[in-house]
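Everything on this sheet refers to the single structure shown next.
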Amino acid sequence: ITGRVFLSDFKDTHEILADIARRVSDGRRLIVTIGLPQAGKSMFIASLIAFAFGQQEDNACPFRSIGSQDENGVNEILRALSESKVLPQTNADELKIIDLNMESRYRNRVVKVSLIDFAGEDIERLLGYRAEEEGKNNVEKISSILQACVAQRSIFSIITPSNTIGDEDNRLYEFISKLKENDRNLYQRVKFLFILSKWDEVVGTNSPQKFLERNRQNLYREFLRSGKHGLLPFSVGNVVGQTIIRIDLESPKNFWYTLYRWSTGLHVLPWYKRWFS
């Protein structure tokens with residue numbers, strides 16, 4: 001599968017695991033977006049795709065995407081972006097899996113990823129915050145997807161909107177703690193990349209780490225606990241209501257730089273490019 005499907009389309013967890021296993025055997029790295037409702041997960045993924053496909057002909061861009069966009073389930077996202085429309089939040093039961101291949105223009109190394117996104121409501125169900133019967137079957141299926149991430153050095157992108165405080169910190173940390181308690185091997189093998197979404201709405205803060213320390217104390221302690229964790233401020237650009245005025249490509253560029261370094265151990269730019277740039 002690629003693009004947008006529904007968890008209810010899978011008859012059981014074995015069918016999901018077979019699909020994930022196919023991607024893993026193809027050498028894909030699983031990037032799972034984790035966030036509560038309205039955290040900005042869909043627009044986060046949309047901006048990554050905007051960078052991947054919007055910069056192909058720009059020789060100043062060190063990346064190029066490999067493969068046809070028609071085969072990667074991204075047409076719907078690119079169409080919305082071309083019409084300057086904000087993507088709707090992922091509905092309960094909805095699942096997005098998008099495959100992308102990214103290559104440095106200066107190195108003969110291709111990074112193959114599968115971006116996986118499911119609804120924030122289903123994350124809340126996983127934590128036991130939603131008791132309604134509708135969607136309860138999703139919990140087992142989502143759990144199976146997460147367990148499959150033990151392979152291929154998967155990355156959990158923990159997305160927290162920096163313009164809200166609320167209970168974000170406790171609930172996202174509860175997700176990490178539950179992961180640690182239920183599957184220690186998975187917790188130890190995945191990397192966590194903390195994404196401070198809507199960073200452009202934060203006034204008077206220029207240090208993401210300081211922001212995390214002050215406003216997300218639990219996530220900050222987790223961030224310090226292991227050198228394998230990362231932290232990125234993230235803005236999708238200028239958005240007014242449901243209209244995109246401008247997509248900011250700086251944040252997704254930083255994401256792809258980080259991912260390339262984590263995946264290959266190399267900087268996307270050779271030393272001579274970094275020296276003279």
Side-chain angles (χ1 to χ4, degrees), residues 31-51 54 77 80-81 83-92 94 96 115-127 129-130 155-177 191-224 229-259:
I31 313 295
V32 184
T33 57
I34 303 294
L36 301 179
Q38 299 182 332
K41 300 189 305 300
S42 294
M43 284 303 298
F44 164 71
I45 289 179
S47 68
L48 298 183
I49 290 173
F51 180 87
I77 292 176
L81 293 178
E83 296 172 357
S84 300
K85 294 179 180 177
V86 170
L87 269 72
Q89 70 181 71
T90 305
N91 295 319
E94 196 173 317
K96 295 191 187 86
L115 302 172
I116 301 176
D117 176 37
F118 28 70
E121 287 85 353
D122 284 330
I123 295 296
E124 290 182 327
R125 286 191 183 93
L126 196 67
L127 296 174
Y129 287 109
R130 289 179 176 259
I155 295 172
F156 287 173
S157 294
I158 308 292
I159 300 182
T160 177
S162 50
N163 64 342
T164 60
I165 304 301
D167 207 26
E168 288 276 332
D169 185 46
N170 291 330
R171 294 198 176 190
L172 290 175
Y173 184 70
E174 186 178 348
F175 169 83
I176 296 173
S177 298
K191 283 193 171 189
F192 294 100
L193 183 58
F194 296 104
I195 304 290
L196 298 176
S197 64
K198 306 181 183 180
W199 185 250
D200 54 301
E201 298 185 25
V202 177
V203 178
T205 301
N206 55 18
S207 168
Q209 188 162 330
K210 280 293 183 184
F211 176 88
L212 203 69
E213 181 181 9
R214 292 170 184 165
N215 301 293
R216 303 287 190 273
Q217 287 87 0
N218 290 322
L219 295 183
Y220 180 68
R221 284 194 293 271
E222 177 64 32
F223 171 72
L224 294 179
H229 296 349
L231 173 65
L232 282 180
F234 206 96
S235 170
V236 300
N238 188 4
V239 178
V240 178
Q242 296 300 305
T243 302
I244 300 172
I245 307 300
R246 176 184 55 83
I247 283 285
D248 180 9
L249 297 180
E250 187 66 22
S251 290
K253 183 190 80 170
N254 291 336
F255 175 90
W256 287 117
Y257 270 52
T258 300
L259 178 62

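Bear in mind that the values here come from a model prediction, so they are computed numbers and not experimental data.
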Any donor-acceptor N/O pair, [X] side chain to [Y] backbone, under 3.5 Å:
X      : Y      : result
Ser162 : Lys198 : yes
Ser157 : Phe192 : no
Ser47  : Val236 : no

Report the distance from atom [atom1] of [X] to atom [atom2] of [Y], rounding to the nearest 0.5 Å.
X      : Y      : atom1 : atom2 : answer
Asp167 : Leu172 : CG    : CG    : 9.0 Å
Leu193 : Ile34  : CG    : CD1   : 12.5 Å
Ile45  : Met43  : CD1   : CE    : 11.0 Å
Leu36  : Lys41  : CG    : NZ    : 7.5 Å
Lys96  : Ile77  : NZ    : CD1   : 6.5 Å
Leu231 : Phe223 : CG    : CZ    : 5.0 Å

Can you tell which of Leu219, Thr160, Asn215 makes a side-chain contact (heavy atoms from CB on, under 4.5 Å) with Glu168?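 The option that passes is Thr160.
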Would Leu224 and Gln209 count as a side chain to side chain contact (heavy atoms under 4.5 Å, CB included) if you check the C-alpha gap in whole Å, the side-chain angles of each, and the deciding distance to 0.1 Å? CA-CA 10 Å; Leu224 294 179; Gln209 188 162 330; 4.2 Å; yes
List for me each residue that meets side-chain hydrogen bond (donor to acceptor under 3.5 Å, both in side chains) alongside Asn218, sequence neighbours excluded, and say none if there are none. Asp169, Asn170, Arg221
The side-chain hydrogen bond (donor to acceptor under 3.5 Å, both in side chains) partners of Ser235 (sequence neighbours excluded) come to Asp200
Set of ring pair (Phe, Tyr, Trp, His ring centres under 6.0 Å) partners for Phe255, sequence neighbours left out: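 In terms of ring pair (Phe, Tyr, Trp, His ring centres under 6.0 Å), with neighbours along the sequence ignored, Phe255 is linked to Phe44.
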Partner set under ring pair (Phe, Tyr, Trp, His ring centres under 6.0 Å) for Phe118, not counting sequence neighbours: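 Result, ring pair (Phe, Tyr, Trp, His ring centres under 6.0 Å) vs Phe118: none returned.
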Steps toward side chain to side chain contact (heavy atoms under 4.5 Å, CB included) verdict (Leu48, Phe234): CA-CA 11 Å; Leu48 298 183; Phe234 206 96; 4.2 Å; yes
Which residues satisfy the salt bridge (Lys or Arg N to Asp or Glu O under 4.0 Å) test with Glu213, sequence neighbours excluded?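 With neighbours one apart ignored, the set is Lys210.
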Going by the rule salt bridge (Lys or Arg N to Asp or Glu O under 4.0 Å), which residues pair with Lys253 if we only count those two or more places apart in sequence or in a different chain?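 For Lys253 the salt bridge (Lys or Arg N to Asp or Glu O under 4.0 Å) partners, ignoring immediate neighbours, are Glu250.
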Is it true that atom CD of Gln217 has more than 12 heavy atoms of other residues, nucleotides or ligands lying nearer than 6.0 Å? yes
Do Pro37 and Glu124 come close enough that some side-chain heavy atom pair is under 4.5 Å?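 Side-chain contact under 4.5 Å: yes.
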Is any side-chain heavy atom of Pro208 closer than 4.5 Å to a side-chain heavy atom of Phe194?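 No; the side chains remain at least 4.5 Å from each other.
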What class does the angle between the rings of Phe175 and Phe156 fall in, given that below 30° is parallel, 30 to 60° is tilted and above 60° is perpendicular?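 Phe175 and Phe156: tilted rings.
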Can you name the closest pair of heavy atoms from Arg171 and Leu127 and give their distance?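 The answer is O-CD1, 3.5 Å.
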